[in-house]
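Here is the naming used below: chain letters follow the sequence lines, and residue numbers restart at 1 for every chain.
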Number of protein chains: 2
Amino acid sequence: MTKPADPESNLSTEEKIKRAATEVFAQKGFAATRTRDIAEAAGINLALLNYYFRSKQKLFDGIMLEKLQELFGRIAPIFTDTSTSLEKKIETFADSYIETLIKNPELPLFVLSEIRTHPESLTQIIQIGELFTTSSFAQQLKARRPEANPLHFIMCLLGMTVFPFIAKPLLKSKAAMDDASFNILMTERKQLIPMWMDSILQNPVQS
Amino acid sequence: MTKPADPESNLSTEEKIKRAATEVFAQKGFAATRTRDIAEAAGINLALLNYYFRSKQKLFDGIMLEKLQELFGRIAPIFTDTSTSLEKKIETFADSYIETLIKNPELPLFVLSEIRTHPESLTQIIQIGELFTTSSFAQQLKARRPEANPLHFIMCLLGMTVFPFIAKPLLKSKAAMDDASFNILMTERKQLIPMWMDSILQNPVQS
DNA sequence: GTCTATACAAAGATAGAC
DNA sequence: GTCTATCTTTGTATAGAC
């Protein structure tokens, strides 16, 4: 009685706005979303949105920060862990990251799109650069294949893992792919990508 | 005298508007660009923009179609060519596509971003689905590795090739990467990607 | 074809009552 | 805290002179 069943109604107004905004922003991008739409989706008045968050920009910034953390927060601990092998890192990454992306398939394209048009969104966020250049993962790659820039292999791993999710709108509309079969394919990749990375990282036969 | 040296001044007004629009749209996306900005960038009056193109939307549609053709028109002939081997296709693709992307690095993220928020942009364009499922390339992949969905390998190839360009804003801002060294890396990948794809496509040792 | 001036609509933000 | 009503700005599009 005091706690109604409807989970939405329990949320604070601030939280309701934030959730509605997250959804609308993800769907239309920052520029195309109207604060009025957010207010409507949240079931509240437009004025209230400006009461809680000072402006559309401030509301967006908060959400963007959360998304960035969802997207990169998961990579960092895996890549910097000095106690795991190269192979183990790749395996853990593929498994856990694909799992995350299946649950949030629109995340990468949303974040990258907004970074493109507002590079300052990145100012907030952490040391991503380190992951690419000085992390334990980068060092192990350099040790394994000293002749090549470790970035090459990182781009392979990320590309093979993330790209399908970025291209998903294309697949859905042009290859008649539905969510279920897409997810099956992605799940298969949890095993496939580590195998493929192994092949790639194999030192070529001495010639 | 009759042909001034400045290449810009030679262009028709229509063409000047189109070029300016291409640039501004690519930078800010459809929703965030103002027709006034385009007019200013083109060095003409706002009214003139509406004289040549009936609306912002129509102007955008024309540009988007061009971009889609730039992006996919190059893949189609390579993937559908029945006279070339699997290896040759991969080699040709990597070489020619990376070349294109170095000249238009913002192309993939721009197109994919706009597709995300306006899936109807794709309605115009050709049979991309075929490339993924029934093209000569897909058939050759299926013949080589019958146990796996050919899409897996296509996603690998596209991911390894295109993803770095999509992630470029990130690399520039977070890995302190400038255009010159980025392009060097990409050029290296023209040779590396075919090698890697060969490794991936190698049938695993019988176990 | 090109301009100036302006109409018209939409969107972000605020004032003030309750 | 929440609403209604309104201000201000910005953006698309058009009218009409040259």
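For A:Glu14, there are no salt bridge (Lys or Arg N to Asp or Glu O under 4.0 Å) partners, not counting sequence neighbours. Legend: residues meeting salt bridge (Lys or Arg N to Asp or Glu O under 4.0 Å) with B:Glu40, ordered by chain and number and at least two apart, are absent. Listed by chain and residue number, nothing satisfies the ring-ring contact (aromatic ring centres under 6.0 Å, His included) test with A:Phe110 (two or more places apart in sequence, or in another chain). Judged as a ring-ring contact (aromatic ring centres under 6.0 Å, His included), and not counting sequence neighbours, B:Phe163 has no contacts. Under the ring-ring contact (aromatic ring centres under 6.0 Å, His included) criterion, A:Phe79 pairs with A:Phe93, A:Phe137, sequence neighbours left out. Under the salt bridge (Lys or Arg N to Asp or Glu O under 4.0 Å) criterion, A:Lys58 pairs with no residue at all, not counting sequence neighbours. With sequence neighbours excluded, the residues forming a salt bridge (Lys or Arg N to Asp or Glu O under 4.0 Å) with B:Lys172 are B:Asp179, listed by chain and number.
Atom pair A:Leu49:CG and C:dG12:P shows a separation of 9 Å (rounding to whole Å applied). Between the OH atom of A:Tyr52 and the C1' atom of C:dA13 there is a distance of 17 Å, given to the nearest Å. Regarding A:Phe25, its CZ atom lies at a distance of 12 Å from the C1' atom of C:dG12, rounded to whole Å. Atom CD1 of A:Ile17 is separated from atom P of C:dA13 by 13 Å (rounded to the nearest Å). Nucleotide D:dG11 holds its C1' atom 17 Å from the CZ atom of B:Phe60, rounded to whole Å.
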Extract from the structure each pairing of a protein N or O with an N or O of nucleotides 14-17 of chain D at less than 3.5 Å, listing the distance.
none

Output a table of nitrogen or oxygen pairs between the protein and nucleotides 7-11 of chain C separated by less than 3.5 Å.
from: C:dA11; atom 1: OP1; to: A:Arg34; atom 2: NE; distance (Å): 3.0
from: C:dA11; atom 1: OP1; to: A:Arg34; atom 2: NH1; distance (Å): 2.4

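A:Tyr97 places no side-chain N or O within donor-acceptor distance of the main-chain N or O of A:Thr92, the cut-off being under 3.5 Å.
The bend of the helix from C:dG1-D:dC18 to C:dC18-D:dG1, defined by the angle between the axes of its first five and last five pairs, stands at 10° to the nearest 10°.
Looking at the side chain of B:Leu48, the nearest of the listed nucleotides C:dT2, D:dG1, D:dC3 is C:dT2.
Listed by first then second residue, pairs satisfying salt bridge (Lys or Arg N to Asp or Glu O under 4.0 Å) with a partner in residues 72-98 of chain B read B:Glu87-B:Arg144, not counting sequence neighbours. For residues 182-200 of chain B, the pairs satisfying salt bridge (Lys or Arg N to Asp or Glu O under 4.0 Å) are B:Glu99-B:Lys190, with sequence neighbours left out.
If you check every strand for non-hydrogen atoms under 4.0 Å, A:Phe53 touches nothing.
Using a 30° and 60° split on the angle between ring planes, A:Trp196 and B:Phe153 fall in the tilted class, from 30° to 60°.
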